[in-house]
Amino acid sequence: MTDGEVFDVERNRRWLLLLAVAAVTLILGAASATGVMYYAGWRHTPEREFTVAVYMVPDASVEERSAVREALGGLPAVDGVRVEDEALRLTALGRDFDCSPIPVLRASAGVDRVRVTMRPLGRRVGAVLGC
């Protein structure tokens, strides 16, 4: 083996070692970043249960109630619209709740108030959403 061939073999070993160190560093960096994010609280967001309750004024007409029921029917509901405690209610599932239909419901004739609540899940607390 000549000096030139020894130099080429040595250079190839250095490149191989450099690539191995870079690969191990990349894997360790990704694993440690994932571990830090998990430890800091970043996890998959579970689906939550949201309840929309529309309270009608006592003298609301049948047409007003059916219009509100129809508007509620446009929201994604698990069990449909139901009447409970003088209010029209529905339950929706999701990671978050889209409040965009709520102002339209509030402005409907015969509606007294609208309340959207997020039920507790495990150690996560529930809340009344300010839609």
Side-chain angles (χ1 to χ4, degrees):
M1 219 189 231
T2 66
D3 285 340
E5 290 174 343
V6 171
F7 182 71
D8 287 342
V9 170
E10 190 66 30
R11 186 173 15 159
N12 289 341
R13 282 188 186 163
R14 284 183 186 157
W15 276 108
L16 205 64
L17 180 63
L18 181 64
L19 286 174
V21 167
V24 168
T25 303
L26 183 67
I27 291 169
L28 287 176
S32 63
T34 303
V36 166
M37 289 180 72
Y38 184 79
Y39 182 72
W42 179 79
R43 292 173 184 79
H44 172 72
T45 306
E47 282 194 333
R48 303 291 299 259
E49 186 175 298
F50 299 93
T51 302
V52 179
V54 179
Y55 297 92
M56 304 296 290
V57 294
D59 58 344
S61 69
V62 175
E63 293 84 18
E64 292 170 341
R65 290 180 189 274
S66 62
V68 170
R69 181 180 282 259
E70 186 176 325
L72 280 173
L75 295 174
V78 174
D79 53 359
V81 180
R82 60 193 184 280
V83 178
E84 293 178 2
D85 302 327
E86 300 299 322
L88 298 170
R89 295 181 188 265
L90 69 83
T91 302
L93 291 176
R95 287 179 174 61
D96 57 357
F97 185 79
D98 179 21
C99 289
S100 61
I102 301 303
V104 175
L105 282 171
R106 275 199 183 99
S108 298
V111 174
D112 183 29
R113 68 185 191 277
V114 179
R115 184 175 180 185
V116 181
T117 57
M118 179 175 58
R119 298 199 47 194
L121 177 67
R123 294 187 314 199
R124 297 175 184 249
V125 297
V128 176
L129 302 182
C131 290

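Sequential numbering from 1 along the given sequence is applied to the chain's residues.
Side-chain N or O atoms of Arg106 include one that pairs as donor or acceptor with a backbone N or O of Cys131 at under 3.5 Å. For Arg48 (side chain) and Arg119 (main-chain N/O), a donor-acceptor pair under 3.5 Å exists by modelled atom type.
Residues Gly110 and Ala60 come closest through the heavy atom pair O-CB, 4.0 Å. In this structure, Ala92 and Pro76 approach most closely via the heavy-atom pair CB-O, 3.1 Å. Among all heavy-atom pairs drawn from Thr91 and Glu49, the shortest one is CG2-CG, 3.3 Å.
Hydrophobic cluster membership is shared by Leu88 and Leu129, with clusters built from Ile, Leu, Val, Met, Phe, Trp and Tyr side chains linked at under 4.5 angstrom. Residue Tyr55 is not grouped with residue Leu90 when hydrophobic side chains (ILVMFWY) are merged at heavy-atom distances under 4.5 angstrom, including chains of intermediate members.
A distance of 14.5 Å separates CG of Leu19 from CZ of Arg14, quoted to the nearest 0.5 Å. Summarising the geometry, atom CZ belonging to Arg13 is positioned 11.0 Å from atom CG belonging to Leu17; distances are rounded to the nearest 0.5 Å. Interatomic distance, CZ of Arg69 versus CD of Glu64, reported as 14.5 Å (0.5 Å rounding).
Arg95 CZ: more than 12 foreign heavy atoms inside a 6.0 Å radius. Within 6.0 Å of atom CD in Glu70, 12 or fewer heavy atoms from other residues, nucleotides or ligands are found, so the atom counts as exposed in its surroundings.
The shortest distance between side-chain heavy atoms of Ile102 and Phe97 falls below 4.5 Å. For the pair Val116/Cys99, no side-chain contact is recorded, criterion being any heavy-atom separation below 4.5 Å from C-beta on. At least one side-chain heavy atom of Leu72 sits less than 4.5 Å from a side-chain heavy atom of Leu105.
When each of Val68, Val83, Asp112 is checked for a side chain to side chain contact (heavy atoms under 4.5 Å, CB included) with Met56, only Val68 meets the rule.
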